[in-house]
**Student:** 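Handing you this structure, nothing more for now.
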There are 2 protein chains.
Amino acid sequence: MLCGMAEKKSDRTRASILAAARERFGADGYERATIRAIAADASIDPAMVMRYYGSKEKLFAAAAEFDVRLPDLRDVPREQAGEVLVRHLVERWEEDDTLRVLLRTAVTNEAAAERMRQVFIGQLTPAFERAAMDEPAVRAGLIATQALGFALCRYILAFEPIVGLSTDDAVAWLGPTITRYLTSPVPSVP
Amino acid sequence: MLCGMAEKKSDRTRASILAAARERFGADGYERATIRAIAADASIDPAMVMRYYGSKEKLFAAAAEFDVRLPDLRDVPREQAGEVLVRHLVERWEEDDTLRVLLRTAVTNEAAAERMRQVFIGQLTPAFERAAMDEPAVRAGLIATQALGFALCRYILAFEPIVGLSTDDAVAWLGPTITRYLTSPVPSVP
DNA sequence: GAGGAAAGTCAACAAGTGTTGGCATATGCT
DNA sequence: AGCATATGCCAACACTTGTTGACTTTCCTC
């Protein structure tokens, strides 16, 4: 078999290591997710993990690679922007566990926290800037508080009333909040 | 010195251990906060920590002892309830680092997560029940998402736009959200 | 002051961590 | 075939962790 092909053997194990890493990091956090456990999940020797990714930190960096893939908010009217954004975020959260990895680890790992800042401030702020909003950074931050708080309570802390919400329920509750953070004039504090 | 007095020597070191533990747990999370580091902060031998608290888990349990001390919401009109609650929570957060300890650790430590559930669902829900609200658990959960998300972004992840908010700013922005979660009729999802 | 408990120190253990180098195996090319 | 390279496993390392037991010092009571 001539190996210009994409399907090399090593690529498969590389990928299975990454999958196992994501699961473990997401379930246990950075410190408690051990290389040995990840290797066991991938049915492989711990040394292989080092061979392929160099170190635990680099493996984590690979596992936490992420892009929010924001929808273009200029297409939707301001009053629906909140609901569109919430639905996008919740669905994104549900389909991809990378965000859960990031959330679990960002609390104790500075590199993960930095990436979180990049994603939620660094990607949201310019998007709002393009939509010609005032105070785009503050609005991005506020939306991050509600979105991350929801994810924290739903996926990490498992608050029953929040876990029990359907996607539609969540959108119906959170949508207006996000809309207000997007559209409300900056409150003047006396 | 007759030792019926309250000021025994051991009580002081006990307290200094607890203070150091709170700081370390709050700054580093459960796993990275080592007994040795806590002991060093308290200028004491690691063995003393075990002598006084038995184990790391018990020390953590002592350090995470906490009560929200909710204000009585029956006194305030519904329209201001959100602002009152937010102001109370933010101030509580600012004055006492126990909540930060809890937040940092709850993400990886199941015992801390359980306590978080007790505090935010177990204490908030019955308070709303007493105030004769419908769906008290869901409302408690939603308020928890916004409150915890705010704390996460402000104290743990250090999102600059959120760190920069004054207490009054925070109340002005979050107050209406909490009020809506308290008062809005349950959205009907088709 | 003598006796005894309380408070603190020291060194060590057993277990688990990330990480490394050497050695076997298999795989693909000529 | 035979060689070279990629892939994988094993055993060990250096280190840190929570935890323990024996020893010394300090302090209070008699």
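Throughout, a chain's letter reflects where its sequence line sits, starting with A, and its residues are numbered from 1. In this text the structure is predicted, and so the values were computed from the model without any measurement.
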**Student:** Rounded to whole angstrom units, what separation is found between the CD atom of Glu57(A) and the P atom of dT17(C)?
**Tutor:**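 Going from CD in Glu57(A) over to P in dT17(C) covers 17 Å.
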**Student:** Nearest-Å distance, CZ (Arg51(B)) to C1' (dG18(D))?
**Tutor:** 17 Å
**Student:** Report the distance from atom CZ of Arg12(A) to atom C1' of dT27(C), rounded to the nearest whole Å.
**Tutor:** 14 Å
**Student:** Nearest to the side chain of Tyr52(B) - dG8(D), dA7(C), dT19(D)?
**Tutor:** dA7(C)
**Student:** Between dT19(C), dC9(D), dT17(D), spot the one nearest the side chain of Thr34(B), thanks.
**Tutor:** dT17(D)
**Student:** Looking only at side-chain N and O atoms, does Asp168(A) offer a donor or acceptor that is under 3.5 Å from a partner on Ser166(A)?
**Tutor:**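 No.
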**Student:** Against the six-membered ring of Phe128(A), is Arg139(A) placed for a cation-pi contact (under 6.0 Å from the centre, within 45° of the normal)?
**Tutor:** no
**Student:** Of the nucleotides dT19(D), dC10(D), dT19(C), which one has an atom closest to the side chain of Pro46(B)?
**Tutor:** dT19(D)
**Student:** Among the candidates dG18(D), dC9(D), dT9(C), find the nucleotide nearest to the side-chain atoms of Ile44(A).
**Tutor:** dC9(D)
**Student:** Between dT17(D) atom P and Met50(B) atom CE, what is the distance in whole Å?
**Tutor:**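 My rounded result for the distance is 14 Å.
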**Student:** Tell me whether Arg100(B) forms a cation-pi arrangement with Phe25(B), defined as NZ or CZ under 6.0 Å from the six-membered ring centre and within 45 degrees of its axis.
**Tutor:** no
**Student:** Is Thr13(A) close enough to dT7(D) that one of its side-chain N or O atoms is under 4.0 Å from OP1 or OP2 there?
**Tutor:** no
**Student:** By nearest nucleotide on DNA chain C, pick out whichever of Arg36(B) and Met48(B) is the more 5' one.
**Tutor:** Met48(B)
**Student:** Quick check for you: among dG21(C), dT19(C), dT20(D), whose closest atom lies nearest to any side-chain atom of Lys56(A)?
**Tutor:** dT19(C)
**Student:** Just the rounded figure in Å: distance from P of dT17(C) to CZ of Arg32(B).
**Tutor:** 16 Å
**Student:** Asp45(A) has a side chain; which of dT7(D), dC10(D), dT19(D) sits nearest to it?
**Tutor:** dC10(D)
**Student:** Could you state the CD1-C1' distance from Ile35(B) to dT19(D), rounded to the nearest angstrom?
**Tutor:** 9 Å
**Student:** Quickly work out the Asp11(A) CG to dT27(C) P distance and round it to whole Å.
**Tutor:**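 Atom-to-atom, Asp11(A) to dT27(C), this comes out as 16 Å.
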**Student:** To the nearest Å, give me how far apart OH (Tyr30(B)) and C1' (dG18(D)) are.
**Tutor:**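 Spelled out: OH on Tyr30(B) to C1' on dG18(D) is 9 Å.
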**Student:** If you measure from CD on Glu94(A) to OH on Tyr155(A), what distance do you get to the nearest 0.5 Å?
**Tutor:** 3.5 Å
**Student:** Do Lys58(B)'s NZ or CZ and the ring of Tyr52(B) fall within the cation-pi criteria of under 6.0 Å and 45°?
**Tutor:**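 Output no; distance or angle outside limits.
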**Student:** Under 4.0 Å, counting only non-hydrogen atoms across every strand here, what does Tyr53(A) touch: a base, just sugar-phosphate, or nothing?
**Tutor:**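 Since no nucleic acid heavy atom lies under 4.0 Å of Tyr53(A), the category is nothing.
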